[in-house]
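First listed ligand is number 1; within each ligand, the first listed atom is number 1.
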Amino acid sequence: MNAITIVGAGLGGLTLARVLHVHGIEATVLELDASPTARAQGGMLDIHEDTGQAALRAAGLHEEFRALVHPGGEAMRILDRHAVVHFDAPDDGDGARPEVERGALRDLLLRSIPPVRWGTKVVGARPLGDGRHEVRLADGTAFNTDLLVGADGAWSRIRPLVSPAKPSYTGVSLIELDLHSADARHPASSALVGSGFFFALGSGKGFLAHREPDGSLHVYTALTVAEDWHTTASARSKTAVLQHFSDWDPRLRALIADADGALVPRPVHALPVGHLWPRTPGVTLLGDAAHLMSPFAGEGANLAMIDGASLGEAIAAHPGDVEAALTAYERNLFPRSASAAAASAAGLATCFAENAPQGLLDQFAA
Ligand SMILES: Cc1cc2nc3c(=O)[nH]c(=O)nc-3n(C[C@H](O)[C@H](O)[C@H](O)COP(=O)(O)OP(=O)(O)OC[C@H]3O[C@@H](n4cnc5c(N)ncnc54)[C@H](O)[C@@H]3O)c2cc1C
């Protein structure tokens, strides 16, 4: 295999680099962040058996991953806007969807591969023929590669080489916030959220939260608002966000009122369900670059990892034949991501329906 360039050191790009490394194939990973600690990698991820965990097995890292699992994190609680608990399942310890910190998982992958090229922003690429590409960097330099992989997330610079699709706004924005040392400093909120994942939903809005291993509560307040709302002062103001919940139970409002630090608004975007592209010589996509979806099925990171693992295995299985490898990879990628994207879109509709949380409760009952 000749030169392989992976743009993006997220979970998808790193899993690809690791699986290639396991097969004795080296790749260059380019990442715009200046260092591994340049950006907080907060949040818990539940790692699914058939995707994220399968990828970690292919990467030879499943044992090390098990050591990172947060005990109790698989608990689940669903409330309505009056803070009435309708569903409360403890972590039964079966380990089917273990919760880990995103940052710890990323560090595990980073330790398992040759060094990433940090502080290296790709600004574009162009085909040179025969599947080769010229990759341009923000520092004005350029280089050529034999296989180019866009693992560069939602706003991929590589996607335009294969597809004109752009992410569109889902109608939902999240406001991320934290309550630190919850047991000591926010005992009522700590008891309300419980040990694992927590939903409190009502018509068109709600709270998604989970407990982190350091004892803090990580909360996503969700609102159906205009796409540019996150640019307004209201999106960072507790008072303005609380106004959206004026008729909600005070115990839920306290999750906003008592937040430590700044509110971080994030509009949720998605690519069209079933996004795909024609086979394009020498280039492909994985993870959010290929199939950005809303987080309401908890699949995005899991898919990014299984995409990375499957692409790595396809490349190893077709030595010297990039096109055969990419054809085999995309044959599985497209149906897998279409079905997860449909589930994510349906999850979003269910979570923010007029009668929420009833639809979610019906799903768990079924
Ligand atoms: C609020 C929220 C909650 C979520 N919860 C879950 C969950 O519970 N479970 C789950 O499975 N998924 C979840 N997801 C989805 C998940 O975070 C993503 O699907 C996943 O991170 C995608 O991984 P990736 O490697 O494809 O992309 P990313 O993680 O976005 O990584 C892309 C990398 O590329 C780099 N990059 C971007 N552009 C360039 C460039 N031009 N040059 C060089 N480098 C570049 C970026 O800096 C980044 O490091 C959630 C998402 C959100 C927003």
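- Looking at ligand 1, you won't find any N or O of P295 less than 3.5 Å from one of its N or O atoms.
- Contacts between A301 and ligand 1 below 4.0 angstrom, taking non-hydrogen atoms only, involve backbone and side chain alike.
- In terms of protein heavy-atom proximity, atom 31 (O) of ligand 1 is closest to G10 CA, 3.4 Å.
- Ligand 1 is never approached by L292 to a heavy-atom distance shorter than 4.0 Å.
- Formation of a donor-acceptor pair under 3.5 Å by the H218 side chain with backbone atoms of E212 is not found in this model.
- R117 and E31 are not joined by a salt bridge, as no carboxylate oxygen comes within less than 4.0 angstrom of a charged side-chain nitrogen.
- Polar contact check, V122 against ligand 1: a nitrogen or oxygen pair lies under 3.5 Å apart.
- The distance criterion of under 3.5 Å between nitrogen or oxygen atoms is met by N302 with respect to ligand 1.
- When heavy-atom distances to ligand 1 are checked against a 4.0 Å cut-off, L11 comes that close only through its backbone atoms N, CA, C and O.
- Distances from atom 22 (C) of ligand 1 to the protein include at least one heavy-atom value under 4.0 Å.
- Taking the ring centroids of W248 and H82, they lie at or beyond the 6.0 Å cut-off.
- On a distance-only criterion, R102 and ligand 1 share at least one N/O pair closer than 3.5 Å.
- In terms of polar-atom proximity, defined here as any N/O pair under 3.5 Å, L45 makes no such contact with ligand 1.
- Exactly one of L45, V69, D91 qualifies for a side chain to side chain contact (heavy atoms under 4.5 Å, CB included) with P98. That residue is V69.
- Counting only heavy atoms of the protein, atom 40 (C) of ligand 1 lies nearest to L32 CD2, 3.6 Å.
- The side chain to side chain contact (heavy atoms under 4.5 Å, CB included) test with L333 is passed by exactly one of L303, L311, D307: D307.
- In T120, the part holding a heavy atom less than 4.0 Å from any atom of ligand 1 is the backbone.
- On a distance-only criterion, Y220 and ligand 1 share no N/O pair closer than 3.5 Å.
- G43 does not count as a contact of ligand 1, since none of its heavy atoms falls under 4.0 Å from the ligand.
- In this pair, F364 and F87 present their aromatic rings tilted. The plane angle is within the 30 to 60° band.
- The two residues L68 and A104 have their closest heavy-atom pair at CD1-O, 3.7 Å.
- For the residue pair H21 and E26, a side-chain donor N or O sits within less than 3.5 Å of a side-chain acceptor on the partner.
- Among the atoms of R157, none of the N or O lies under 3.5 angstrom from an N or O of ligand 1.
- The aromatic rings of F65 and H62 sit tilted relative to each other, their planes meeting at an angle between 30° and 60°.
- The aromatic rings of H210 and Y220 lie perpendicular to each other, with more than 60° between the two planes, well past the 30° mark.
- The minimum heavy-atom distance between K166 and L271, with the atom names listed, is C-CD2, 3.7 Å.
- Note on ligand 1: A289 sits outside its first shell, no heavy atom being nearer than 4.0 Å.
- The part of R39 lying near ligand 1 is the side chain, judged by heavy-atom distances below 4.0 Å.
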